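To start, the structure under review is shown below, and the notes come after it.
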Amino acid sequence: MLDRATLTPDAGPNLGSSLDAQADWCADYEVVRRAIAFITEAWRSQPEAEAIATAAGVDIRTLNALFRRWAGLTPKGFLQAVTLDHAKRVLAGSGNVLDAAFELGLSGPGRLHDLFVTHEAMSPGEWQRGGAGAVVRFGFHPSPFGTALVMATARGLAGLAFADPGGEAAALADMRARWPAAQFEDCRDATAPLVRRIFDPTAWQPEVPLRVVLIGSDFEIRVWETLLKIPFGRAASYAALAHDIGRPTAARAVGAAVGRNPIAFVVPCHRVVGSGGALTGYHWGLTRKRAMLGWEAGWRAAAA
DNA sequence: CCACCAGGCGTGA
DNA sequence: TCACGCCTGGTGG
């Protein structure tokens, strides 16, 4: 098992927590997004790196540099990371997701690339009672997966959404609709530190866990808690999740609950795929789900 | 690989 | 009660 010291900014993707890296994130993601869209559409013809670069609107050298910076992998490695084969490889076996994680030595304290999270769960009723007049502060920030919308309460991180260019208003409306009684305040200064930390694996450490608030039904909370057990760079199926929470026949209901996860990326709903490894859906777009799995694959490769 | 189907289940209206 | 989903396993191309 590797320790965090091997993950210096030089060894890993992007530039740690430097502000320059943050400024580059969205520009990089635009190219990544175009590359993934092209690969997804043209995978049958096994496109060359050259063709991918053209489709992404950059030259091949730029493409190489960009992928190294963005996720520490080559375009070829990236190509592999967004295929069905890769999804199957990272798919933990059926059965208990947590047990599978421990068997693989990827779970437990000190595991690699774990965004350590402590959570507090609230039912919608509790939220409404205790949160009458609750203030939710939000801000838009660059991230490796496009513009991120971060929502925070005094109790911790409550929401994380994504927006493609021009989709900021829709993302905000989506989030606001989840907590109709709350007051919202645009306050990027409050959310900026969260973003820096969330998207920089070199900043993840167990000593200072990230506090999150999960607001949902009992069933949803159980599903979301289980998502937090899926190791970085791996995947679980909806059926395995259903099995894990003791409702083996409720895979579809699990899918719906996963889809309602308010804290994208941090609660890793992007690590849930169909039983056969297919990426069946993602609230913030399948392209973004592929990007996240590819990014995690790159970080794992860089650390290994 | 695709299309379609039925069984399945928690949610919100 | 009902339609709706980030489902799944089976059938027939």
Side-chain angles (χ1 to χ4, degrees), chain A residues 33 36-37 39-47 81-88 90-97 100 121-128 145-146 148 159-164 167 170-171 173-182 214-230 233-296:
Chain A
R33 191 186 61 70
I36 293 174
I39 292 165
T40 304
E41 209 222 329
W43 62 273
R44 296 162 191 279
S45 59
Q46 294 287 311
V82 298
T83 60
L84 181 62
D85 270 358
H86 176 258
K88 281 181 186 161
V90 300
L91 189 59
S94 59
N96 186 289
V97 175
M122 296 175 85
S123 69
E126 284 175 308
W127 161 256
Q128 210 156 352
F145 312 107
L160 179 42
F162 291 98
D164 286 325
D174 183 311
M175 286 287 105
R176 291 181 72 124
R178 298 169 190 240
W179 308 293
L214 266 23
I215 301 156
S217 69
D218 288 351
F219 183 83
E220 288 167 339
I221 299 286
R222 289 178 71 188
V223 170
W224 299 339
E225 284 173 337
T226 310
L227 292 182
L228 288 167
K229 300 175 186 171
I230 308 174
R234 294 193 57 91
S237 67
Y238 299 95
L241 247 47
H243 186 269
D244 197 283
I245 64 169
R247 295 270 207 319
T249 57
R252 191 161 190 176
V254 165
V258 169
R260 274 179 242 120
N261 165 33
I263 318 181
F265 187 75
V266 171
V267 176
C269 56
H270 58 283
R271 293 181 199 148
V272 192
V273 301
S275 288
L279 278 58
T280 49
Y282 191 63
H283 188 76
W284 306 108
L286 275 184
T287 298
R288 193 170 266 109
K289 186 171 182 175
R290 287 194 183 88
M292 288 178 180
L293 293 173
W295 186 82
E296 295 193 351

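A, B, ... follow the sequence lines: proteins, then strands. Residue 1 opens every chain. Only a predicted model underlies this, so the values are computations on that prediction, with no experimental measurement involved.
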What distance separates T287(A) OG1 from Y282(A) OH, expressed to the nearest 0.5 Å?
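The OH atom of Y282(A) is 12.0 Å from OG1 of T287(A), to the nearest 0.5 Å.
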Salt-bridge present (D244(A), R222(A); N to O < 4.0 Å):
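Salt bridge: no.
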Taking NZ, NE, NH1 and NH2 as the nitrogens, is one of them in R234(A) or E296(A) under 4.0 Å from a carboxylate oxygen of the other?
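Looking at E296(A) together with R234(A), the answer is no, because their closest N to O distance does not fall below 4.0 Å.
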How long is the line joining [atom1] of [X] and [atom2] of [N], in whole Å?
X	N	atom1	atom2	answer
N261(A)	dT11(B)	CG	P	15 Å
E220(A)	dC9(B)	CD	C1'	13 Å
L84(A)	dC2(B)	CG	C1'	14 Å
L286(A)	dG5(C)	CG	P	15 Å
H283(A)	dT11(B)	NE2	C1'	15 Å
L91(A)	dC6(C)	CG	P	19 Å
R288(A)	dC6(C)	CZ	P	16 Å
H243(A)	dT8(C)	NE2	P	14 Å

Can you tell which of [options] lies closest to the side chain of [X]?
X	options	result
C269(A)	dC6(C), dT11(B), dT8(C)	dC6(C)
R260(A)	dT8(C), dT11(B), dC9(B)	dT11(B)
S217(A)	dT8(C), dT11(B), dG10(B)	dT11(B)
Y282(A)	dT11(B), dC6(C), dG5(C)	dC6(C)

Think S275(A) has a side-chain N or O under 4.0 angstrom from the OP1 or OP2 of dC7(C)?
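For dC7(C), neither OP1 nor OP2 has a side-chain N or O of S275(A) closer than 4.0 Å.
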Within the pair R247(A) and dC9(B), is there a side-chain N or O less than 4.0 Å away from OP1 or OP2?
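For dC9(B), neither OP1 nor OP2 has a side-chain N or O of R247(A) closer than 4.0 Å.
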Watson-Crick or G-U wobble mate for dC6(C), both contacts under 3.5 Å
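dC6(C) is paired with nothing.
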Across the strands shown, which category fits [X] at heavy-atom distances under 4.0 angstrom: base, sugar-phosphate, nothing?
X	value
Y238(A)	base
V272(A)	nothing
A251(A)	sugar-phosphate
I245(A)	nothing

What is the ring orientation for F265(A) with F145(A), classed by angle as parallel under 30°, tilted 30 to 60°, or perpendicular over 60°?
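Because their plane-to-plane angle lies in the 30° to 60° range, the rings of F265(A) and F145(A) count as tilted.
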Whether the N261(A) and H283(A) side chains hold a donor-acceptor pair (N or O, under 3.5 Å, no angle test) is what I'd like checked.
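No, no side-chain donor-acceptor pair sits under 3.5 Å.
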